[in-house]
Amino acid sequence: MDESKWTRTTHLDNPCLLNYLIFSHPDCLISSSEKIDQEDSNGGSQDQKQLWPLLVFLHGAGEKGSKIDRITAHGPPRVLTEKGIQNSIPPCICVAPQCPATQFWTTNSVFAMIEEVRSTYPIDSNRIYGTGISMGGFGIFKMIAAYPDLFAAVVPICGGGDTMTASKIKRIPMWIFHSRGDPIVPFKHSKDMVDAIQKQDPKEVKLTIYEDKEHDSWTRTYLNPDVWKWMFSQSKTS
């Protein structure tokens with residue numbers, strides 16, 4: 001199968017105060033206005049335009065700073081820039097912000113970035129997905145607690161969250177990954193979240209445990225086609 005050529009766009013000095021990369025599948029490059037013009041010329045309705053899923057990726061602590069290319073070291077940005085595996089992720093718009101060196105992920109700045117992207121690209125608001133690794137896994141749990149109606153599904157990897165938020169996030173489908181012997185972020189962080197959410201009669205919460213002592217739970221997760229199939233099958237309308 002021929003490999004699709006994803007387009008990378010760098011966004012610096014943004015109103016949301018986060019620098020970020022956008023990766024666009026070629027099918028998604030037709031802007032909303034161009035799509036409307038196409039449909040008008042063919043006698044279609046202006047209300048019928050193609051919308052695309054938005055994949056939000058939050059990196060770990062090792063990629064913080066101001067060198068934007070650090071973001072491509074792991075996760076979806078690596079998948080979408082590495083020859084041979086780009087087709088692992090279904091067509092979408094992927095946004096990957098960079099956390100400033102002296103900060104951690106803050107929900108208001110990530111949300112502001114998402115709003116910027118939604119104002120620029122033809123995003124399907126019913127299919128916004130979130131994933132993050134390590135510090136980014138914690139960031140995803142913070143995001144769904146702060147904005148429980150924003151995401152259609154999330155995949156936090158080797159992260160954790162506040163178990164007191166379980167009742168707020170129970171309606172969000174989530175698939176959590178962690179190595180049992182993780183030496184950096186203890187497995188207990190993910191296990192405690194899963195246990196707390198399961199007590200709330202959740203919509204869907206899954207936990208995959210890798211039986212090793214690796215902190216890197218993400219490389220194999222993001223190369224697993226079942227993960228993407230599951231994620232992109234979720235919609236807030238279902």
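Looking only at distances, a side-chain donor or acceptor of K64 sits under 3.5 Å from a matching main-chain atom of Q103. Between the R171 side chain and the S167 main chain, no donor and acceptor come within less than 3.5 Å of each other. Panel note: side chain K142, backbone W105; a donor-acceptor pair is recorded below 3.5 Å. In this structure, the side chain of Q98 engages the main chain of E63 through a donor-acceptor pair within 3.5 Å. Counting only distance, with no hydrogens or angles, the side chain of Y129 and the backbone of Q234 share a donor-acceptor pair below 3.5 Å. Using modelled atom types, no side-chain atom of R118 and backbone atom of I123 make a donor-acceptor pair closer than 3.5 Å. In this structure, the side chain of R127 does not engage the main chain of W52 through any donor-acceptor pair within 3.5 Å. Judged by distance alone, with hydrogens and angles left aside, the side-chain atoms of N224 form a donor-acceptor pair with the main-chain N or O of D226 at under 3.5 Å. Between the side chain of S109 and the backbone N or O of L17 there is no donor-acceptor pair closer than 3.5 Å. In this structure a side-chain-to-backbone donor-acceptor pair under 3.5 Å is missing from S190 to F187.
Neither side chain, S179 nor H215, offers a donor N or O lying under 3.5 Å from an acceptor on the other. With 3.5 Å as the limit, one finds no donor-acceptor pair spanning the side chains of W228 and S88. In summary, the side chains of S24 and Y121 do not present any donor paired with an acceptor at a separation below 3.5 Å, with no hydrogens or angles considered.
Between C92 and H25 the shortest side-chain heavy-atom distance does not fall below 4.5 Å. The shortest distance between side-chain heavy atoms of H178 and Y210 does not fall below 4.5 Å. Taking 4.5 Å as the limit, every side-chain heavy atom of H74 sits out of range of all side-chain heavy atoms of H59. Between M113 and N14 the shortest side-chain heavy-atom distance does not fall below 4.5 Å. V154 is not listed as a side-chain neighbour of T131, based on a closest heavy-atom distance of 4.5 Å or more. Contact check for M174 versus I144: side-chain heavy atoms found under the 4.5 Å cut-off. Within the 4.5 Å cutoff, the side chain of P53 has no heavy atoms near those of the I128 side chain. With contacts defined as side-chain heavy-atom distances shorter than 4.5 Å, the pair L150/F111 qualifies.
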Would you sort out whether F177 and C158 count as a side-chain contact (heavy atoms from CB on, under 4.5 Å), showing the intermediate values? CA-CA 6 Å; F177 293 80; C158 58; over 6 Å; no
Chi angles and distances behind the side-chain contact (heavy atoms from CB on, under 4.5 Å) call for L54, V95: CA-CA 7 Å; L54 176 64; V95 58; 3.9 Å; yes
Can you list the steps and then say if L21 with T9 is a side-chain contact (heavy atoms from CB on, under 4.5 Å)? CA-CA 6 Å; L21 298 178; T9 308; over 6 Å; no
Could you go through the salt bridge (Lys or Arg N to Asp or Glu O under 4.0 Å) check for D195 and K199 one step at a time? CA-CA 7 Å; D195 290 345; K199 293 176 182 178; over 6 Å; no
Could you walk me through whether F138 and I140 satisfy the side-chain contact (heavy atoms from CB on, under 4.5 Å) test, starting with their C-alpha distance in whole Å, then the side-chain angles of each, then the deciding distance to 0.1 Å, before giving a yes or no? CA-CA 5 Å; F138 284 91; I140 290 297; over 6 Å; no
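Residues I172 and L207 are members of one and the same hydrophobic cluster, defined by side-chain heavy-atom contacts under 4.5 angstrom among Ile, Leu, Val, Met, Phe, Trp and Tyr. Cluster annotation: I184 and F104 are assigned to distinct hydrophobic clusters (Ile/Leu/Val/Met/Phe/Trp/Tyr, side-chain heavy-atom contacts under 4.5 Å, transitive). Following chains of ILVMFWY side-chain contacts shorter than 4.5 Å, one cannot reach V185 starting from W218, and the two form parts of different hydrophobic clusters.
The two residues L80 and C94 make their nearest non-hydrogen contact at CD1-CB, 3.9 Å. Here the closest heavy-atom approach between residue M193 and residue T163 is recorded as SD-N, 3.6 Å. Taking both residues in full, the closest heavy atoms of P156 and G137 are given as CB-O, 4.0 Å, listed atom of the first, atom of the second, then distance. Scanning both residues, F57 and P76, for their nearest heavy atoms gives CD1-CD, 3.4 Å. In this structure, P91 and C28 approach most closely via the heavy-atom pair C-SG, 4.2 Å. Counting all heavy atoms, side chain and backbone alike, S134 lies closest to G60 at CB-CA, 4.5 Å.
A distance of 5.0 Å separates OG1 in T208 from CH2 in W175, rounded to the nearest 0.5 Å. Here CD1 of I176 is found 10.5 Å from CD1 of I209. Values are rounded to the nearest 0.5 Å. Once rounded to the nearest 0.5 Å, the distance linking CD1 of I68 with OG1 of T10 reads 6.5 Å. Atom CG of residue D212 and atom CZ of residue R220 lie 4.0 Å apart, to the nearest 0.5 angstrom. Between S119 atom OG and E115 atom CD the span is 8.0 Å, to the nearest 0.5 Å. Put simply, CG on L51 and OG on S125 are 7.5 Å apart, with the number rounded to the nearest 0.5 Å.
With a 6.0 Å cutoff to the six-membered ring centre and a 45° limit on the axis angle, K168 does not count as a cation-pi contact of Y147. Within the cation-pi definition used here (under 6.0 Å to the ring centroid, within 45° of the axis), R78 does not qualify as a partner of Y222.
Heavy-atom neighbours of K206 NZ from other residues, nucleotides or ligands within 6.0 Å: above the threshold of 12. Atom NZ of K236 sits in a crowded spot, with more than 12 heavy atoms from other residues, nucleotides or ligands closer than 6.0 Å.
No salt bridge links K188 with D182; every basic N to acidic carboxylate O contact stays at or beyond 4.0 Å.
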